[in-house]
Amino acid sequence: MYFDRSNGFPKDFLWGSASAAYQIEGAWNEDGKGPSNWDQFVRIPGKTFKATTGDKAVDHYHRYKEDVALMAEMGLKTYRFSISWPRIIPDGNGEINEKGLQFYDDLINELVKYGIVPMVTVYHWDMPQALEEQYHGWESRRIVDDFVRYAKVLFERYSDRVKHWIIMNEQNVFTGLGWNAGMHPPGKVDDQKMFYQVNHHAFMAHAKSVIALKEICPDAKVGSSFAYTPSYAFDRKPENAMAKMDYDDLNNFYWMDMYAYGRYPRAAAAYLKSKDLTPVMEDGDEDILRKAAGLIDFMGVNYYQSCVVEHNPIDGVGTTHEMNTTGKKGTAKVQGVPGLYKNPANEFLPTTDWDWTIDPMGLRMCCRQITSRYDLPIVISENGLGAFDKFEDGEIHDPYRIDYLKHHIEELKKACDDGCRVLAYCTWSYTDLLSWLNGYQKRYGFVYVDREEDENSGTLNRYKKDSYYWYKHVIETNGEEL
Ligand code: BG6
C-alpha cells in the first residue's frame, strides 16, 4: 500500500478552536490601544450589517479568564487567537504600549496554566489606522519594516511560551475585499494593480517575519493561514478544465506557492505581465521570499467551502462586489472574471443561510492538494458553520453545527489516513463573535454569547451550546467518536 490507511488522527493531535482580536476583544479604546483601520471603517455608513462594530464585541478583553476556563473544561488542546497590532503599537511604528503586551501575557499565561497550547496569529486584519494616515498602510512598501518590528516585539516577548505562530490570516481575503471588492478597508474597488502590489508587500512582511522568528526562536513552528477554496471544473469540457487551472493559479496557488516555494505560479505571473499588473519588487526580494519558504513549518488552511469553475467568455459575467450579508438564503449571485472563469453554484451540494457551499470532502481535497504540491504539514486554522442559533431557557440546540463539523472531521481523518500530515484542527469559532460584515446574528461558536447587533443589547453572559459537549467528547476520543 502506498498510504498507510489505518492511522486516524495522530496521538498528539491539536484539537482547537480559533478567534480574532477585533471580533472578540472589544475594549477598543482602553488601556492605551490606538484606533485600527476597522475601528474607522465600521463607522462608515452602510459598510457593516446594521452598522455593527467591534467596540464591545463579546468583551473577551475583560472576560478572558472565564473564556479560558470554559476551554479548559472542554479539554481544548490549542487555542488560536490574534494579537491586535494597535494594542501593542498604538500608532503602528512609535511607542510600545506595555499594557497591551501585558494583556496577551496574561492570556497566554492563563492558557499555559491549563495546558492549552497558544497558537498566535500576528495579523488578523486590524492595522493601526495611523499607518493608513501616514502612508496608506499596505499600499506602501514602508509597512514591511513596521510590520516586522511589530512581529519581533511579539516574538521577543512571547516565544518562550508560544511555539506556534501564524503570521498572516487570509492575505487573499483582506486584500481581495480591500482592493477589489471595496468591502473591507480601505474600501477600494477594482484596483487590480494595487491589489497585486499590496500582496507583494504582505508577502515580504510574512517572509521577513518568518526569518526573524527563526532567528529569535529556532524551535518555533510557523506558517500563514490561507483561505483555501478548492475548485471543481463545471464539467469535462476542456475549456472548463482550463478555466479551473486559471482559477487555481490566480486564486489559490498565487498565495500558497509563494508561502511554500517563494515564487509566483508561472502562468499567473505571465497573466499579470500581459495585463500590466506585475507588482514592483526590489532587488533581493526574491532571495528573501525563497529563504522564508524554506523555513515555514506548515501551511495554514482556513476552509469553509469549495467552488465550481466554468469558462467565462470575454463578454461574460463580471464581479458585482456583492455578498449575502443578511442570511437570506439564495440571494448570492454568480460572479466571474470575463475572459477567464465564473463560479456558478454547485447543485450537488447544500448551502448555509449565507449561501456558502457545504462540502466536507473539499477539506480532504485541500489536504491532498497541499500534500501533493508542497509536501508540507497542515494546520487547519479555521473551519466552521455560521448559523442563526436559538436561545431557549438557557439552552442552545445546534445539531446543524454538530453535523457540519462531524462530516468535516470525518473527511479530515481520511486525509490523515491518506498520508497527509495534519497537525491541528481549529474550529471557527470558540465563542460567538462579530462576523466582520454580518453582525452578531451569524453565529459560529461552541459558546453562545448573549448579545445582538445593538451595542446596548444583552448581558454578554456565556452559555454552552450542545456542540460544546459534543466537541468535548470528540477531543476525549481523539476524533474516534464523532
Ligand atoms: C474567515 C476569517 O474569513 O472567515 C474570520 O478569518 C471570519 O475572521 C470567518 O469571521 C467567517 O467569515 P464570516 O464572514 O462569516 O464572519
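Ligands are counted one by one from 1 in listed order, and the atoms in each one are counted from 1 as well. Note that this is a predicted model, so its numbers are computed, not measured.
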* Asked: Do other residues, nucleotides or ligands put more than 12 heavy atoms under 6.0 Å from Lys188 NZ?
  -> yes
* **ring-ring contact (aromatic ring centres under 6.0 Å, His included) against Tyr61, all qualifying residues, sequence neighbours excluded** => Phe103
* Asked: Between the side chains of Ser19 and Ser429, is a donor N or O closer than 3.5 angstrom to an acceptor N or O?
  -> no
* To do: Go through the structure and list residues passing ring-ring contact (aromatic ring centres under 6.0 Å, His included) with Trp15, not counting sequence neighbours.
  => Phe9, Phe13
* Asked: Measuring from each atom of ligand 1, which residues have a heavy atom under 4.0 Å away?
  -> Gln23, His124, Trp125, Asn169, Glu170, Asn302, Tyr304, Trp356, Glu382, Trp428, Ser435, Trp436, Asn438, Lys442, Tyr444
* Structure fact -> The ring-ring contact (aromatic ring centres under 6.0 Å, His included) partners of Tyr158 (sequence neighbours excluded) come to none
* Asked: Does Arg443 make a cation-pi contact with Phe388 (under 6.0 Å, within 45 degrees of the axis)?
  -> no
